[in-house]
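Take a look at the structure below.
Atoms within a ligand are numbered from 1 in the order they appear, just like the ligands themselves. Residue numbers run from 1 in the order of the sequence given.
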Amino acid sequence: MKFFIDTANLDQIKEAHDLGVLDGVTTNPSLMAKEGISGRDRVLQHYKDICSIVGEGDVSAEVIATDFEGMIKEGEELAALHPNIVVKVPMIKDGVKAIKYFSDKGIRTNCTLVFSAGQALLAAKAGASYVSPFIGRLDDISVDGLELIEQIRVIYDNYGYNTEILAASVRHPMHIIKCAEIGADVMTGPLSAIMALLKHPLTDSGLAQFLADHKKAAEASK
Ligand code: G3P
């Protein structure tokens with residue numbers, strides 16, 4: 001399973017990349033705003049900065065327009081920034097049309113704000129490269145987000161769709177583990193969820209014991 005980080009924070013992207021496990025980055029307008037990035041030129045430069053940190057990894061950059069022509073104009077501008085840019089398009093009527101247009105032109109897309117299997121099926125039929133079901137936001141309203149990932153996995157496997165399932169709105173390490181069990185192609189989450197995979201109290205106590213025993217043996221042999 002590919003690991004993407006869901007942030008526009010350059011320090012966090014660097015930290016995940018330095019760990020050696022980062023396959024890409026997803027952003028959205030809220031995450032860009034959180035970093036204080038606004039104005040077209042600054043936004044475009046920020047995407048370029050992210051691309052230069054992640055190297056080969058895909059970077060999702062979201063369109064702001066909600067009409068077909070506007071999405072095409074913005075998406076083409078974003079795609080021209082760097083070969084690893086994936087144009088993020090919302091799951092709305094004009095968005096589906098835009099995904100089909102981009103797919104026919106060889107521009108890769110990430111269909112975002114997906115909350116149902118029907119939406120995921122439409123995204124795949126339109127030729128989306130990635131589909132982003134928001135599992136955490138479904139959990140927030142007492143709907144099991146992981147069940148949606150399972151459903152989409154079955155549907156895509158039934159018909160051999162190439163669209164990659166990008167589990168988004170991941171909030172914690174159990175989301176990541178369950179997504180891996182189900183067979184999501186990618187997960188995107190915050191740095192905290194990725195780093196939490198590292199943690200186990202028995203690792204910490206075991207290491208402390210190993211180091212203490214090593215020190216004792218070294219002192220005894222002096
Ligand atoms: O990738 C989608 C993500 O940014 C939404 O996450 O935590 O705001 O629901 P969250």
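Of the protein's heavy atoms, Asp6 OD2, 2.9 Å lies nearest to atom 3 (C) of ligand 1. For atom 2 (C) of ligand 1, the closest non-hydrogen atom of the protein is Phe134 CZ, 3.4 Å. Distance from atom 7 (O) of ligand 1 to its nearest protein heavy atom, with residue and atom name: Arg171 NE, 3.0 Å. Nearest protein heavy-atom contact of atom 6 (O) of ligand 1 is Ser169 CA, 3.4 Å.
Side-chain contact, Asn28 with Glu62: no donor N or O sits under 3.5 Å from an acceptor N or O. A donor-acceptor pair shorter than 3.5 Å can be found between the side chains of Asp213 and Gln209.
Just one of Asn110, Thr109, Asp58 meets the side chain to side chain donor-acceptor pair (under 3.5 Å) condition when paired with Tyr130; it is Asp58.
Considering backbone and side-chain N/O of Arg137, one or more are found under 3.5 Å from N/O of ligand 1.
Close approach of ligand 1 to Ala168 (heavy-atom distance below 4.0 Å) involves ligand atoms 1 (O), 2 (C). The contact set between ligand 1 and Asn28, taken as ligand atoms under 4.0 Å from a residue heavy atom, comprises 3 (C), 4 (O).
In this structure, the separation between CG on Leu166 and CE on Met187 is 9.0 Å, given to the nearest 0.5 Å. For the atom pair His17 NE2 and Ile53 CD1, the distance stands at 8.5 Å (nearest 0.5 Å).
The aromatic rings of Tyr159 and Tyr161 lie tilted to each other, with the angle between the two planes from 30° to 60°.
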